[in-house]
Amino acid sequence: MKISFMTKEEFLTSLSEYPYKKLFVKSLEEAAYCKTEFFSEGMFGILKIPDKRNLQGKFLIAAYYVKKGEIIFLDEDKVIHPVLEKRKELKDIEEGQELGILLAVLNGLIEDEVPYLQKIEEKITELEDILIVQPPRDFPEVLTRFRRAMTRLHGFYVQLLDVIEEIQGNLGERLSEEDETGWKMLASRVSRLHGYTENIRENLLQLHELYQAQIDISQNEIMTILTIVTTVFLPLSLLAGWYGMNFPNMPLLNWKYGYLTVIFITLVIIAVEVCYFRKKGYLKKRRKM
């Protein structure tokens, strides 16, 4: 059983007989999603994996070419190398277990996914606590980054699940009972990861709705304050406009205590309005959601 790592150039210039060699390399160069292709002597596939160190950055690309007695990895982004380094026992595997090696590699790629997703969920919970106290100005940008990251992971799990199901469907008769169980367990793991990301995406949607509700509450409080201020000064504006007309024989106009009387009336109006608004609860500070 031979396990090899090659570059694209080494694979193309190899003297060994590899059917669909150029098609394999072309699929790698144009990698748009995870996929697998089958031919009579074996199969090849492409893995387009989100980089968990920077989910906003470029994808990590790896490829595998499987035929009887040999499996070749094109792994310039060093995705599969660490997985095989952890599994020393795969180096002594017997011929005919190519799919077992591929199964172990795919299992290794998602080995640490659950703790990683749990950390993301904890960060989202922290964001929710911050949001309840006071929405930060850059919250929409932070939320958008999380949503894009989850969209990438969600798409990867969907594509990986399709690859696994295609392998099960096309090569089921070649699988041993042990390998068949292993592929079913892998499909189940990826399906659970897919469901996990679905839940996180729903939490992000609820977080966005909570943020929007907080913004609406803040805007409503501002509008309430503006309305109260306008209402308080509306009678005073009427009073000022009325006495600003300077008609002859207006009450208080020529009285020496007229100015003080108007001040007293103004204060009484303000006091009555403030008492009214306080009684109605308009001056109470709203609690955050």
Side-chain angles (χ1 to χ4, degrees), residues 50 54-57 116-155 195-289:
N54 180 18
L55 285 174
Q56 302 299 317
Y116 180 77
L117 291 176
Q118 286 176 338
K119 289 181 180 178
I120 292 179
E121 201 168 32
E122 290 171 2
K123 290 180 181 178
I124 292 174
T125 302
E126 292 175 3
L127 274 180
E128 186 175 352
D129 294 337
I130 294 172
L131 180 60
I132 292 175
V133 176
Q134 179 63 44
R137 290 183 177 272
D138 62 342
F139 185 83
E141 290 79 5
V142 174
L143 192 60
T144 298
R145 287 198 296 270
F146 272 108
R147 292 177 65 181
R148 288 177 179 173
M150 286 300 98
T151 298
R152 283 196 168 192
L153 285 175
H154 180 269
Y196 202 162
T197 54
E198 282 281 0
N199 291 336
I200 293 177
R201 293 175 75 191
E202 290 178 4
N203 290 340
L204 288 171
L205 180 60
Q206 293 174 0
L207 200 59
H208 178 268
E209 292 174 352
L210 177 60
Y211 170 73
Q212 192 60 51
Q214 292 286 64
I215 295 299
D216 291 342
I217 290 173
S218 298
Q219 291 177 342
N220 288 339
E221 289 182 349
I222 293 172
M223 292 303 298
T224 300
I225 293 172
L226 292 176
T227 302
I228 290 173
V229 171
T230 303
T231 305
V232 167
F233 284 96
L234 190 60
L236 306 182
S237 300
L238 175 62
L239 190 62
W242 195 354
Y243 275 90
M245 293 184 289
N246 293 321
F247 287 120
N249 302 320
M250 288 187 69
L252 308 178
L253 193 60
N254 296 314
W255 186 36
K256 65 177 181 178
Y257 299 111
Y259 182 65
L260 295 176
T261 302
V262 171
I263 292 176
F264 175 74
I265 294 173
T266 300
L267 294 175
V268 169
I269 292 174
I270 293 176
V272 170
E273 289 179 327
V274 168
C275 291
Y276 174 81
F277 289 131
R278 179 168 293 177
K279 185 178 180 181
K280 292 294 184 181
Y282 296 143
L283 298 180
K284 291 181 181 179
K285 187 176 181 181
R286 267 73 170 170
R287 290 184 179 180
K288 297 290 184 181
M289 292 182 62

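Everything quoted here is computed from the prediction, not taken from an experiment.
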**Message:** Tell me whether Y116 at atom OH has more than 12 heavy atoms from other residues, nucleotides or ligands lying less than 6.0 Å away.
**Reply:** yes

Name the atoms and distances for all side-chain donor-acceptor pairs under 3.5 Å in residues 121-132, with sequence neighbours left out.
unit_1: E121; atom_1: OE1; unit_2: Y196; atom_2: OH; d: 2.8
unit_1: T125; atom_1: OG1; unit_2: E121; atom_2: O; d: 3.0

**Complete:** Sorted by chain and residue number, the side-chain contact (heavy atoms from CB on, under 4.5 Å) partners of N54 (sequence neighbours excluded) come out as Q56

**Message:** Per the ring pair (Phe, Tyr, Trp, His ring centres under 6.0 Å) rule, what does the pair list look like for residues 124-147, sequence neighbours excluded?
**Reply:** F139-Y211

**Asked** Quick one: are I120 and M150 in side-chain contact, heavy atoms under 4.5 Å?
**Response** yes

**Asked** What's the spacing between T224 OG1 and F277 CZ if we round to 0.5 Å?
**Response** 10.5 Å

**Complete:** Separation between CG (N203) and OG1 (T197), nearest 0.5 Å, reads 11.5 Å

**Request:** Output all residues satisfying side-chain contact (heavy atoms from CB on, under 4.5 Å) with E198, sequence neighbours left out; order by chain, then residue number.
**Result:** H154, H194, R201

**Message:** Return the CG to CD distance between L207 and E202, rounded to the nearest 0.5 Å.
**Reply:** 13.5 Å

**Item:** side-chain contact (heavy atoms from CB on, under 4.5 Å) partners for E209, two or more places apart
**Value:** L205

**Request:** Taking side-chain contact (heavy atoms from CB on, under 4.5 Å) as the test, write out the residues that go with D216, two or more places apart.
**Result:** Q212, Q219

With a cut-off of 3.5 Å and sequence neighbours excluded, list every side-chain donor-acceptor pair involving residues 229-241.
unit_1: T230; atom_1: OG1; unit_2: L226; atom_2: O; d: 2.7
unit_1: T231; atom_1: OG1; unit_2: T227; atom_2: O; d: 2.7
unit_1: S237; atom_1: OG; unit_2: F233; atom_2: O; d: 2.8

**Fill in**
Nearest heavy-atom contact between H208 and L143 is CB-CD2, 3.4 Å

**Request:** Compare all side-chain heavy atoms of T144 with those of E141 and state whether any distance is below 4.5 angstrom.
**Result:** no

**Asked** Backbone N or O of L204 within a donor-acceptor pair of the R147 side chain at under 3.5 Å?
**Response** no

